[in-house]
Amino acid sequence: SVSLASGAPGSPSTASGPGAQPEWVDCIQASDMCNQNPYCSSRYRVMRQCLVGKEKEAMLDNNRECQAALEVLLVSPLYDCRCKRGMKKELQCLQNYWTIHMGLTEGGDMEDSSPYEPVAPNRHPDAFRLASISSGMLTVAPKGFHCPDAERNCNPCLDAAKACNLNGSCKRQRSTYIATCSKEDPNKGETCSKKRCHKALRLFLDRVPTEFSHRLLFCPCQTEGCAERRRQTIVPDCSYKDKEKPNCLELRGICRQDPLCRSRLADYIVNCWTTPHTVSTCPNQDNHQACLASYARLIGTEITPNYVDSSFSNWTISPWCTCKGSGNQEEECLNFLRYFTDNTCLRNAIQAFGYGIDNTQNKNVSVPGPSATSKTGPDWSTGISEHPSVTIPKYPEPRDGGLDLGEDHSPCLCANVWALLPS
Amino acid sequence: RRQKPCTLRELELTVSELGLGYESDETVLLRYCSGKCTAHRHNYDITMEHMMRTGFKKKGRKDKVINGPCCRPTAFEKDFSFLDNNSRYHTIQNVSAKNCGC
Amino acid sequence: RRQKPCTLRELELTVSELGLGYESDETVLLRYCSGKCTAHRHNYDITMEHMMRTGFKKKGRKDKVINGPCCRPTAFEKDFSFLDNNSRYHTIQNVSAKNCGC
Amino acid sequence: MGLSAGATGLYFPQNEYIETMYVGQLAGTPVLQVHAMLDSDSERPHFYLCWMSPLKRQAYSSWFNLDISTGVLSLNKTLEESDFSWSVKKLFLHAMVLPNFTKKSQCGNKNSARIMLDFVNATMPQCAQTDMKELCFPHRDTSNPHIMENRFPGALRQLRRLTRNYSVLLPADTLVVMAPLDREESECYRLLLVCTVRTETLITKVETSLDVYVNDEDDNAPYVNGTDTADIIISYNRTKGGSFGTLFVFDRDLTPIFPIDKTHNKYVGTLLNNDPWIKDTFDIKGTFSEKKAAVGGIRESVHDYQLVLKRNLYVTENRVVQLDYLVNDTTYPGLEGTVLLHFNVTILPVHIPSCSVSSQAGKVCVENCLEFDGFSVTYRLEVPDKNMSAESQSCFAAISITQASDGMWGLLYVNDSEALRKPECQDLQYLVVAQEEHTQLETSTQVHIILDEGKTVPESQQFLSCAENRQRGDCESMRGLGATTGRCQWRQGTDKGISENYSTCSPDLRTCPDSVCDAVESKDMSICPQDCTKEPVIGGHERGLSGNGIKACYGTCYCFSEKCFCEKEDIEEVICDDMC
């Protein structure tokens, strides 16, 4: 597994100058360039062999030929190539990427770096942060979604469906995936073909402009009817639910076997997850759009996430999986689940999409905001530095008692260990 | 009053307003065919008009016939899917015209 | 009262009785299309029927549309020639149906 | 962090360490300290930097040294500005721990610790400019220690930032486990760490919580809470795949279901009986579920076991057997790792007493036939008197019987209506014979069919589908195909929207529509299209099971051969008038 972050010494494309966006070679071009070079193409062929079998981990670690191939390819254009989201032959580009990078990841619980081109940072990051710093977002009608007839029940998700139906292309694409996802699959006796449904959903999200698709996925709701319509957007009975819930680590494992799913999961984590306590709630200087786009592109893969119920105030998003039966890896499992169920960036991005950015005057109107981020990391609470007296703040109360490990972890026994440190 | 020829027309309706029995507030752009096909008539049509007026009665016939080409869809738009007010999906075929002809 | 489906029917007439204005005692076997096309309707037709009843009015439209496939000739018999009562020959086209369809 | 199953001996309680490096840090500067947990007093950890594969030996690896015994990572060289020239921000190292010396530099087993170093191209900030929190507890250190239960106490984490030059006032700079832990008592301990920083003018206290997890190992034997015996009686329901009785086995340890190959708590069940009949007939199915103990909410495992039939049982099979099933927790080291379960099974024969003809639409049913499952009974008609006259023989074909596809009964139906018109065929006698498929056991009953005088059908009338009618009048005046009473029957729906109680015309309202395309209806689609049609349906509707028939319809349902319609029926049909 790799120990080199991108751009380490010896890697071909060191970025020049601060903030300059390197012009990325896509992995199809890189593969063609490598194939035109006999020295590179032979190693490339060897590497593909190394990754074919089940024993690829062992092959990469112990097989001399595989390692030699990897060393050559590390200095080829294939090492620093990336893929464009929605590009033609996107899957082939991703397959080329993983051919090299499969052997370079840290593995285990460390998340992959994204094979897609990095997203440009958000041009006006402060706009939303002002609104999101307030304890919660708004309950008033969002700016982006005004309700035409105020007296009737406001349903932005219905308006989103109407807007789609009145656009020829959106209507056709929407009807196609709905028909595919709600059609019975007679030969399997199941209610539908999940595989075909996922493909139709991906096509819809690839082809239809985000002004329609994101409106259907992230419309803000103030009623249960609206939230249920939002939950139904991806036809969950077919695309999301299953008879049994797999373990989330198993689901992540399955996803990592598929280049498309692996890439989109990595892209989602890179664009939607920041370690707690960083200033902006989203990577790329609060680039909500990038987060929403990478979330939407997860729909139609093994990890297809969705709203878990039709609650509108305190909604939760999760893949269809559980951390039951994780044994000693429950923490790792819950950490993975938290990328969806406890993701401040995703929550803010969805709320920002629905609740127009500049409605900040009613700050005290609080919608039950995002639950306190309490990753298994340290929970900060700071004594206020005052001359010279010492203030010891209250012991931080994690959500619902005990360690907030989300779904169903037994609360930790609290013990005080006073470790007085540096003076 | 000039008679409008047979053409494709549009009307925005909710699915409930289609009158098919589905209850859904989703809207659909209904396209339908309306207008006259007078210019497409044959001798047959003139004869049928005459027979409907008097001819059939004289022959003791009670037939009711169409005495002219009809302005009808020559093709329909693809399926239309929607979510009804009970959060159930439906897909309906051949409800909106794609183009019209006599 | 069973609804007869759209079929080809026959009637023996004189040319004068065709109502085309020719005066001739020669007779012709007129074939025409009559009967119901109910079985060939689509969702479109049910919607049009509903719109004609209430829908168009509610939307302020005065359209008159056909709410079902029409029982019409799909082909006509070849030309028919005859001698009128002034001993002059005439040939007329598309006056008798060859077969019918909805 | 996942410890490899059954990892005994040295292991890292923490799988990730982080620190920030600055320009100008001198050779010899300690960076951080890794710790390993021991398994016995005699063990001595030997720490090494290692590479996941030779490929991973990086240029910068020579800049660091890992003390073989203390696990302290320190700088081999002073960091120059040139060492920060590339844009990289993060370097990775890997450490491994062995109980002995080694020359090997490849990270041996999966159990190695990852060291992430953030290289900041600046000099280290002075104490005064350092944020107190960062000084005490760097925010990116999110890794929580995992300690294997029942193991040897020891140091698990260095709390002090070795890169910072300050003096430690009070004793605690290392977090130590003082005694072996028991996961079954608590799975996690939330510690409150308090860091007090004193400068000339100020004392600041910074608190943070640290969660220490206790990993499970298989140190509890399986046990039965309640009975280990299930008494099962199998009678009518004797279908392959049927499951009977449930016995529970509990285990206070965990049963990870992921990854499948690494389950440290592997439950294996063995059927101890070697009677081939039992092995061919029965199987035991075990399923696992994780539950929380009532006290303390500690996770534990529950395995439930059910008897499953591997084949259909014949009606004559009649036996009493006892199955012994040994459940073995294969990874439990102790002796009592097994539990013995008992299934006392009594199989009763099924007696096919007699056949009765229920009045309901010509259904013929062997007594209790509705409960049969797992064996099949077929029905056939026979002439009651073998030497009956030739004319009577010709009448015999008028009535036929078919097997219900979804049940154990037979359905009598008119097979040849022409024959029924003959005078000699107005009064028919049949023998209905029911036979059990495997044992060929038979029973029979007499059926007497008398034709209703008034309902003889005129020669000319051809039977059409009742379903074509859209109004009550047409419907009830018509003799439709399959009409058991001779006339079609009208059902008037009352609901407003799309409803299962739609109006329609049917040959027999008892069986059509009932969402089942039964054996008779499936012989001809026009008998009951409401249950059987596969054709398109126009108007608001809901299809039946697996897309056939019409479960719900808007208004009135009527069907032609190529299509069905669901339409409100309150209008006189508008025909095309002069506007065409």
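Quick note on labels: first sequence line is chain A, next is B, and so on, each numbered from 1.
Within the model, atoms OH of C/Y32 and OH of B/Y44 stand 8.5 Å from one another, a figure rounded to the nearest 0.5 Å. Between the CG atom of C/N67 and the CD atom of C/E49 there is a distance of 4.5 Å, given to the nearest 0.5 Å. Separating the CE atom in C/M51 from the CZ atom in C/R53 is a distance of 11.0 Å, to the nearest 0.5 Å. A distance of 11.5 Å separates CZ in B/F80 from NE2 in B/H90, rounded to the nearest 0.5 Å.
Listed by first and then second residue, the salt bridge (charged side-chain N to carboxylate O under 4.0 Å, His left out) pairs that reach into residues 66-80 of chain C are B/D45-C/R72, C/R31-C/E77, sequence neighbours excluded.
Residues of residues 92-102 of chain B placed with any heavy atom under 4.5 Å of a heavy atom in chain C are listed by number as B/I92, B/Q93, B/N94, B/V95, B/A97. At a heavy-atom cut-off of under 4.5 Å, chain B is reached by C/R9, C/E10, C/L11, C/E12, C/L13, C/E17, C/L18, C/G19, C/L20 from residues 9-28 of chain C, listed in order of number. Of residues 55-63 of chain B, those residues lying under 4.5 Å from chain C by any heavy-atom pair are B/F56, B/K59, B/R61, B/D63.
Using a 4.5 Å cut-off on side-chain heavy atoms (C-beta onward), B/R88 and B/L83 make no contact. By the 4.5 Å heavy-atom criterion applied to side chains, C/K36 and C/P5 are not counted as neighbours. At least one side-chain heavy atom of C/R41 sits less than 4.5 Å from a side-chain heavy atom of C/T38.
Residues C/C70 and C/I66 share a closest heavy-atom pair of SG-CG2, 3.7 Å.
Chain C forms more heavy-atom pairs under 4.5 Å with one residue of B/C71, B/C6, B/P73 than with any other, namely B/P73. Interface summary for chain C: among B/N43, B/T54, B/I46, the most heavy-atom pairs under 4.5 angstrom belong to B/N43.
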Can B/T47 and B/M52 be said to form a side chain to side chain contact (heavy atoms under 4.5 Å, CB included), step by step?
CA-CA 9 Å; B/T47 298; B/M52 283 288 286; over 6 Å; no
